Amino acid sequence: MKVWEKYLEVEMDALRKIADTQADNIDKAARILADCTKKDGIIRVFGCGHSHLVADDVFYRSATLGNVQAILEEAVTGNSQIFKSGFLEKMEGYAAKIIDYHRFEPNDVVICISNSGNNAVTLEFAAECQKRGYPVIVLTNVEYSETLKPRHSSNTHLKDHGDVIISNCSPIGDAAVAIDGLPMKVGSTSTIPFIFIINAILAEAVDICIKEGFMPDVYYNGSLRVNDPKIGDHNFAIIDKYFYRMKNL
């Protein structure tokens, strides 16, 4: 079996484990997102380092809810000066300032993402949002977190600060395949299951809204507007609705 085939099997195994073990929490999270959407709240999604890619994937994106915002704090995304951001994401006391800056609203919901669940900024982001009364959905790797000595002064992990916890069920160490002669494995494992989970809970939330008689804001793929101008009108109306409520829209 080729390495890419082994990698595929590892990722498929993680997705199967999610389906087998995380279904109840996926449903609970979708219910929270649907209620937020029906109440005109914003779904605020946050992650540091590579976890910010999961937030970015569902922000201003075709087939996703218009009331989703990725909180992309440049200092900790790693998009630039990535080595420095690796230190900053471990700095205590920063998360509350990010929350203050974005001026969350009463009906908002928060999704926090971290594979290890062991970095201060994401952990404190979740904890602070819970303290302020916002429902918090955590996407993490529960098994991995339990193997790690906590870095944070609270002696906790991200998994300890959510109303709903969904595990990505991927291998410990975020690596898939061993190659003879190489001391470390190759093929990162956490992003694909995270992307599945966040899109799954958003899609399920849309279905709940429709079944309960509420029409949510969902983007078309913007490229389709070259064939039908009404698609552009639809998307631009969503942008206008949320433009002054999301600082990076």
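Side chains are part of it too, since the values below use all heavy atoms of this structure and drop only hydrogens, waters and symmetry mates. In this text, all values refer to a predicted model and were calculated from it rather than measured experimentally.
In this structure, Ser114 and Thr140 approach most closely via the heavy-atom pair O-OG1, 2.7 Å. When all heavy atoms of Glu146 and Lys159 are compared, the closest pair comes out as CG-CE, 3.6 Å. The two residues Ser170 and Asn115 make their nearest non-hydrogen contact at OG-OD1, 3.8 Å. Of all the heavy atoms in Leu123 and Gly117, the pair that sits closest is CD1-O, 4.4 Å. In terms of heavy atoms, Gly93 sits closest to Glu124 at N-OE1, 2.8 Å. Annotation for Val138 and Gly162: closest pair CG2-CA, 3.7 Å, computed over non-hydrogen atoms.
No continuous path of ILVMFWY side-chain contacts below 4.5 Å connects Leu139 to Tyr144, so the two sit in separate hydrophobic clusters. There is a path of hydrophobic side-chain contacts, each under 4.5 Å, that joins Met215 to Leu65. No continuous path of hydrophobic side-chain contacts links Val164 to Tyr134 [ILVMFWY only; heavy atoms under 4.5 Å]. Under the 4.5 Å side-chain heavy-atom criterion for grouping Ile, Leu, Val, Met, Phe, Trp and Tyr, Phe104 is not connected to Val45 through any hydrophobic cluster. Residues Leu33 and Ile113 share a single hydrophobic cluster, defined by chaining ILVMFWY side chains whose heavy atoms lie under 4.5 Å apart.
Through direct or indirect side-chain contacts shorter than 4.5 Å among Ile, Leu, Val, Met, Phe, Trp and Tyr, Tyr101 is connected to no other residue. Here Met184 sits in one hydrophobic cluster together with Val3, Tyr7, Val177, Ile179, Leu182, Val186, Ile192; the rule is ILVMFWY side chains under 4.5 Å apart, joined directly or through other members. Through chains of ILVMFWY side-chain contacts below 4.5 Å, Ile42 is grouped with Phe59, Tyr60, Tyr219, Phe236, Ile238, Ile239, Tyr242, Phe243, Tyr244, Met246, Leu249.
In this structure Lys39 satisfies the side chain to side chain contact (heavy atoms under 4.5 Å, CB included) test together with Asn107, sequence neighbours excluded. Applying the ring-ring contact (aromatic ring centres under 6.0 Å, His included) rule to Tyr220 yields the partners His234; only residues at least two apart in sequence or on another chain are considered. In this view, Ala175 and Lys185 satisfy the side chain to side chain contact (heavy atoms under 4.5 Å, CB included) rule, not counting sequence neighbours. For Ala96, the side chain to side chain contact (heavy atoms under 4.5 Å, CB included) test picks out Glu128, Arg132, with sequence neighbours left out. A search for salt bridge (Lys or Arg N to Asp or Glu O under 4.0 Å) contacts involving Lys17 returns Asp13, not counting sequence neighbours. Residues passing the side chain to side chain contact (heavy atoms under 4.5 Å, CB included) test with Asp160 are Thr156, His157, sequence neighbours excluded.
Pairs engaging residues 20-53 under the ring-ring contact (aromatic ring centres under 6.0 Å, His included) rule: Phe46-Phe125 [sequence neighbours left out].
Between the side chain of Asp163 and the backbone N or O of Val136, at least one donor-acceptor pair lies under 3.5 Å. In this structure, the side chain of Asn25 does not engage the main chain of Ile166 through any donor-acceptor pair within 3.5 Å.
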Test salt bridge (Lys or Arg N to Asp or Glu O under 4.0 Å) on Asp35 and Arg31 and set out the steps.
CA-CA 6 Å; Asp35 290 343; Arg31 177 75 263 177; 2.7 Å; yes
Checking Glu9 against Lys2 for the salt bridge (Lys or Arg N to Asp or Glu O under 4.0 Å) test, could you report, in this order, the C-alpha distance in whole Å, the side-chain angles of both residues, the deciding distance, and whether it holds?
CA-CA 11 Å; Glu9 283 302 309; Lys2 290 183 177 294; over 6 Å; no
Mind running side chain to side chain donor-acceptor pair (under 3.5 Å) on Arg151 and Asn119 for me, showing each step along the way?
CA-CA 7 Å; Arg151 280 197 181 108; Asn119 290 323; 2.9 Å; yes
Could you give me the CA-CA distance, side-chain angles and deciding distance for Ser188 and Asp174, then say whether side chain to side chain donor-acceptor pair (under 3.5 Å) is met?
CA-CA 5 Å; Ser188 60; Asp174 199 11; 5.0 Å; no
Show your working on side chain to side chain contact (heavy atoms under 4.5 Å, CB included) between Ile18 and Ile26 and close with a plain yes or no.
CA-CA 9 Å; Ile18 290 167; Ile26 287 172; 4.0 Å; yes
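The side-chain heavy atoms of Ile99 and Cys129, taken from C-beta on, include a pair separated by under 4.5 Å. Within the 4.5 Å cutoff, side-chain heavy atoms of Val10 are placed close to those of Thr189.
The pair Lys28-Asp24 does not count as a salt bridge, with every side-chain nitrogen at least 4.0 angstrom from each carboxylate oxygen. Electrostatic pairing of Asp108 and Arg245 does not count as a salt bridge here, judged by no charged N lying under 4.0 Å from a carboxylate O.
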With a cut-off of 3.5 Å and sequence neighbours excluded, list every side-chain donor-acceptor pair involving residues 193-210.
residue : atom : partner : partner atom : Å
Asn199  : ND2  : Asp57   : OD2          : 3.3
Asn199  : ND2  : Ile195  : O            : 2.9
Asp207  : OD2  : Lys211  : NZ           : 2.9

Check: residues 70-78 side-chain donor-acceptor pairs under 3.5 Å, at least two apart:
residue : atom : partner : partner atom : Å
Glu73   : OE2  : Tyr94   : OH           : 2.5
Thr77   : OG1  : Glu74   : O            : 3.4
Thr77   : OG1  : Asn79   : N            : 3.2

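With values rounded to the nearest 0.5 angstrom, Arg44 atom CZ is found 5.0 Å from Gln69 atom CD. Here the straight-line distance linking atom CG of Asn118 with atom OG of Ser145 works out to 6.5 Å at 0.5 Å rounding. The CD1 atom of Ile137 lies 10.0 Å from the SG atom of Cys112; values are rounded to the nearest 0.5 Å. Between the NE2 atom in His102 and the CG atom in Asp100 there is a gap of 10.5 Å [rounded to 0.5 Å]. Taking CG of Asn141 as the start and OG of Ser116 as the end, the distance is 9.0 Å to the nearest 0.5 Å. To the nearest 0.5 Å, atoms CD (Glu11) and CG (Leu15) are separated by 7.0 Å.
Between the side chains of Ser167 and Gln22, no donor-acceptor pair of N or O atoms lies under 3.5 Å.
With a 6.0 Å radius and a threshold of 12 heavy atoms from other residues, nucleotides or ligands, Lys247 has its NZ atom above the threshold. Sparse packing is recorded around CD of Glu143, with 12 or fewer heavy atoms of other residues, nucleotides or ligands lying under 6.0 Å away.
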